[in-house]
Amino acid sequence: MLEKLEELQKEFRESVGTLADKNSLADFKADYLGKKGKLNDILKGMREASADVRKTVGAKANEFKQEIQDSLSAQLLKIETAAINAKLEENWQDISFTDSVKAKGLLAAGYHPVTIIQREIEDIFISMGFDILDGPHIEDDFHNFEALNIPDTHPARDMQDTFWFADMKHLLRTHTSTIQVRGMEANDPPFKFIGPGKVFRCEATDASHEMAFHQLEGMMVGKDISVANLIYFMKALLSEIFRQDVNVRLRPGFFPFVEPGFELDIECLICAGKGCSVCKQTGWVELLPCGMIHPNVLKAGGIDPKKWNGFAFGLGLDRLVMMRYHIDDIRHLHGADLRFAEQFKSY
Ligand code: DAH
């Protein structure tokens, strides 16, 4: 009996690996373990056997049953894995931008360079503990002008040619400084945040001007904030962004919402300071107007200027992109020319 059992075991081991589908597995199982199966057939004579034989053969038969179950499960797993792999092989799609994809005339998606720069700057400021705020494109007079210390009659309104709506109360925001006001309204000091976004001006376009462009506003309000703090954050930003030393200069600049106000210029990276259409032949590009927040602005935002102060800055993102990638005409950024856009897909 024991011999027969061992023979059956050998036969099983030789054939189990050749089963290639679920049906043959089921048949095979019935063939070995079923009521009228091969194993029971051998064990038929058990009743008449001696106690000794019953013991050894019984133990062996139990072991074998377990082996059959385990081997069949393992074989099932093998069959299923092979089926999945075959399916994957059949339906595999190369989604990387290979020559074969190009040959089909498909274009790879990529980020616009302004988005690339914006996200980088967001990461830099997040690492320095700033929050990121947003604000609406359609604004009211209060958030775009009044609260920023630009009253109705102020000549500074002429600096920003505005797209007004027909009601003459609403406008397309001319700068992201609106986010400063909304940030102050929504937060109690101390706080620091940046606010990136699109802004709109009703002006003629040329190599360095567009009707819609991008700014990134920044604001830090706390106790005893100084110009030194402002310069520290601006330098940290520029060295991260350009990954090279850039020449900067700080000159006094007038903006009604800061006092004192500054213009932070960088030496033009397109012409290396020699003079070109982007820097209007001056060798310098205005990049970072900034200053100490005017007390009237803090007040308009609901903050007591006797207790708190801070700095603010407004970064022109399109110009930054132009400097970084050596683009000599801002109109390329909105031109929707795929030959232009394609160059950034690997960034
Ligand atoms: N909002 C100004 C503009 O668009 C830029 C600006 C200047 C923002 C000075 C600031 C600042 O926060 O302090 O021309």
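In listed order, ligands and their atoms are each counted from 1.
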Do any nitrogen or oxygen atoms of F255 lie less than 3.5 angstrom from nitrogen or oxygen atoms of ligand 1? no
Numbering the atoms of ligand 1 from 1, which are under 4.0 Å from a heavy atom of Q180? 12 (O)
Once you restrict to heavy atoms under 4.0 Å, what part of C290 touches ligand 1? Side chain, backbone, both or neither. backbone
Against heavy atoms of G291, which atoms of ligand 1 measure under 4.0 Å? 13 (O)
With backbone taken as N, CA, C and O and side chain as the heavy atoms from C-beta onward, which portion of R201 lies under 4.0 Å from ligand 1: side chain, backbone, both, or neither? side chain
Ion pair present between E217 and R182, side-chain N to carboxylate O less than 4.0 angstrom? no
With a 4.0 Å cut-off on heavy atoms, does Q215 reach ligand 1? yes
For H334 and H112, take the angle between the two ring planes, folded into 0 to 90°, and tell me which bin it lands in: parallel under 30, tilted 30 to 60, perpendicular over 60. tilted
Quick test of your reading of the model: are R243 and E120 salt-bridged, counting only N-O distances below 4.0 Å? yes
Cluster overlap M184 with I179, hydrophobic side-chain contacts below 4.5 Å: yes
Could you list the donor-acceptor pairs under 3.5 angstrom formed between side-chain atoms of residues 271-281 and any protein atom two or more places apart in sequence or on another chain?
unit_1: Q281; atom_1: OE1; unit_2: C276; atom_2: N; d: 3.4
unit_1: Q281; atom_1: NE2; unit_2: C276; atom_2: O; d: 3.4

Report, in ascending order of atom number, the atoms of ligand 1 lying under 4.0 Å from any heavy atom of A312. 12 (O), 13 (O)
If hydrogens are left out, which of F313, F257, F254 has an atom nearest to atom 9 (C) of ligand 1, that is, the closest non-hydrogen atom? F257
Would you mind listing which atoms of ligand 1 come within a distance below 4.0 Å of any non-hydrogen atom of H175? 1 (N), 2 (C), 4 (O)
Please work out, at 4.0 Å between heavy atoms, whether the side chain, the backbone, both, or neither of F311 comes within that distance of ligand 1. neither
Would you mind listing which atoms of ligand 1 come within a distance below 4.0 Å of any non-hydrogen atom of G314? 8 (C), 10 (C), 12 (O)
When the side chains of residues 230-241 are checked against the rest of the protein, which donor-acceptor pairs come out under 3.5 Å, sequence neighbours left out?
unit_1: S239; atom_1: OG; unit_2: K235; atom_2: O; d: 3.2
unit_1: S239; atom_1: OG; unit_2: A236; atom_2: O; d: 3.3

Using 30° and 60° as the class limits, which term best fits the ring planes of F28 and Y32: parallel, tilted or perpendicular? tilted
Can you tell whether the side chains of D131 and K192 come within less than 4.0 Å, N to carboxylate O? no
